[in-house]
Amino acid sequence: MAAFDPMGASKLQVLLMTVAVAMFFLSGEVEANSYNLRPNYYSGKCGKYDVESIIYNEIAKAFQQDNGVAPGLVRMAFHDCFVRGCDASLLLDIPNSEKTATINLGLRASAFNAIDAAKTAVESVCPGVVSCADVLQYATRDSVLLTKGKGWTVYGGRRDGTVSNAADPPNNLPVPTMTPTQMIPLFAGKGLSADDLVALSGSHTIGIAHCIFVNPRIYGNNTDPTIPADFLASLKSQCPADSVTTNPPVGAPINLDRVSPTKFDSQYFQNIIDRKGLLTSDQSLLDDSRTRGAVYKNSGNFFNSEFGRAMQAMAGIGVLTGNEGQIRTNCRAVNP
Ligand code: HEM
């Protein structure tokens with residue numbers, strides 16, 4: 001029997017390591033995440049064109065015309081990813097599609113139009129390569145940058161779905177009367193943690209809500225007794241008892257973060273700590289031991305990087321890759 005040769009063993013190990021590293025790089029899976037998506041996915045796929053910059057420029061143009069495009073897009077990314085995964089099924093304009101579900105009627109036309117503009121711009125230089133699902137994810141990151149938040153690396157390589165059904169959103173999206181007891185399992189069902197729930201709820205640092213979602217907390221038998229008196233008075237002045245509370249929401253909206261409504265900062269969490277969160281789903285994050293710690297943690301600089309981390313997790317839900325789905329030419333229609 002050959003004696004154990006430590007020198008020989010280490011040479012073998014080095015050789016095996018070298019082969020493994022070479023195979024890793026040759027496989028093209030460099031830095032692929034667990035969803036099989038990659039950073040800089042489109043780099044080199046459109047010749048000299050920089051897909052992420054083209055998208056950014058279009059979103060910036062739309063944002064300059066209407067800064068509501070930013071919260072509109074961030075909310076759209078959420079409503080897309082939670083329903084059939086991040087496959088742009090939300091963007092389809094087909095009969096009885098997700099868009100027609102009541103919970104989606106408040107999504108902003110300007111945000112859908114911004115996606116069309118970005119997609120048209122990339123199609124014009126690089127047809128049939130960039131998915132609508134990826135355009136939406138890049139546009140969401142850009143929206144956070146444009147509202148002075150910190151960006152994150154968007155992993156690309158998603159493909160577009162071909163199915164969109166109005167029955168799906170109500171079964172997959174949370175409603176504003178929920179508390180962590182309902183939201184934690186809902187997010188867990190999408191592979192997201194309680195920490196993800198808290199960080200992602202931080203999106204409510206920008207954008208608006210309608211009185212229909214606020215009035216149940218401030219009038220009648222179910223008035224939330226923990227709302228500070230000054231905040232209650234101010235909410236009542238913005239949302240009178242007789243405000244129109246139809247869904248789809250109409251009427252004057254109210255800022256989700258009333259301190260810095262157009263800035264992507266951690267103020268949302270400070271509001272919650274001050275018991276000045278707008279929705280039950282926001283304020284209740286402070287009252288549950290599974291989410292309270294993260295509310296405090298996110299109320300400082302930690303939120304900047306934590307939000308991007310959580311968005312990367314959300315952006316991996318149910319993605320289609322490889323030969324699944326298709327690359328739509330028009331984000332509103334399945335390819336003929
Ligand atoms: C956790 C449970 C959540 C609930 C119950 C919830 C509910 C709501 C409601 C009721 C509105 C107001 C809609 C309106 O009145 O038109 C809203 C707005 C918004 N939500 Fe959420 N949301 C949740 C999580 C999230 C997540 C995870 C994101 C993104 C990652 C997000 C992003 C937004 C944004 C940006 C707005 C403002 C939209 C605009 O101004 O157009 N929300 N949300």
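Ring pair Phe269/Tyr296: centre-to-centre distance not below 6.0 Å.
A 4.5 Å side-chain heavy-atom check between Leu197 and Ile184 finds at least one atom pair inside the cut-off. The closest side-chain heavy-atom distance from Cys331 to Val135 is not below 4.5 Å.
No more than 12 heavy atoms of other residues, nucleotides or ligands lie within 6.0 Å of CG in Asn301, so this atom counts as exposed by the packing criterion. No more than 12 heavy atoms of other residues, nucleotides or ligands lie within 6.0 Å of NZ in Lys263, so this atom counts as exposed by the packing criterion. Surrounding CD of Gln65 are at most 12 heavy atoms belonging to other residues, nucleotides or ligands under 6.0 Å away.
Under the 3.5 Å distance criterion, the side-chain polar atoms of Thr153 are left unmatched by any main-chain donor or acceptor of Pro39. Checked by atom type and distance alone, the side chain of Asp160 never pairs as donor or acceptor with a backbone atom of Asp134 at under 3.5 Å. Without hydrogens or angle criteria, Glu123 side chain to Gly128 main chain gives a donor-acceptor distance under 3.5 Å. With Tyr49 contributing its side chain and Val125 its backbone, the two residues share no donor-acceptor pair below 3.5 Å. The backbone N or O of Arg158 sits less than 3.5 Å from a side-chain atom of Ser131, completing a donor-acceptor pair. The backbone N or O of Phe82 lies less than 3.5 Å from a partner atom in the side chain of Lys190, making a donor-acceptor pair. A side-chain donor-acceptor contact under 3.5 Å links Ser284 to the backbone of Thr280. With hydrogens and angles disregarded, no donor-acceptor distance shorter than 3.5 Å links the side chain of Ser281 to the backbone of Met178.
Ring planes of Tyr268 and His204: perpendicular class, angle over 60° (limits at 30 and 60°).
Ion pair Asp230/Lys276 flagged as a salt bridge, since at least one NZ, NE, NH1 or NH2 atom sits closer than 4.0 Å to an Asp/Glu carboxylate oxygen.
The only member of Arg84, Glu98, Lys99 that meets side-chain hydrogen bond (donor to acceptor under 3.5 Å, both in side chains) when paired with Ser89 is Glu98. For the side chain to side chain contact (heavy atoms under 4.5 Å, CB included) with Asp87, the lone residue among Ile317, Val319, Leu320 that qualifies is Leu320.
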Derivation of the side chain to side chain contact (heavy atoms under 4.5 Å, CB included) call for Ile115 and Leu136: CA-CA 7 Å; Ile115 294 294; Leu136 178 54; 3.8 Å; yes
Worked verdict on Ser43 versus Asn40 for side chain to side chain donor-acceptor pair (under 3.5 Å): CA-CA 5 Å; Ser43 148; Asn40 299 315; 5.9 Å; no
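Checked by atom type, the side-chain pair Ser266/Asn298 shows no donor-acceptor distance below 3.5 Å. With hydrogens and angles left out, the side-chain atoms of Gln283 and Asp287 include no donor and acceptor closer than 3.5 Å.
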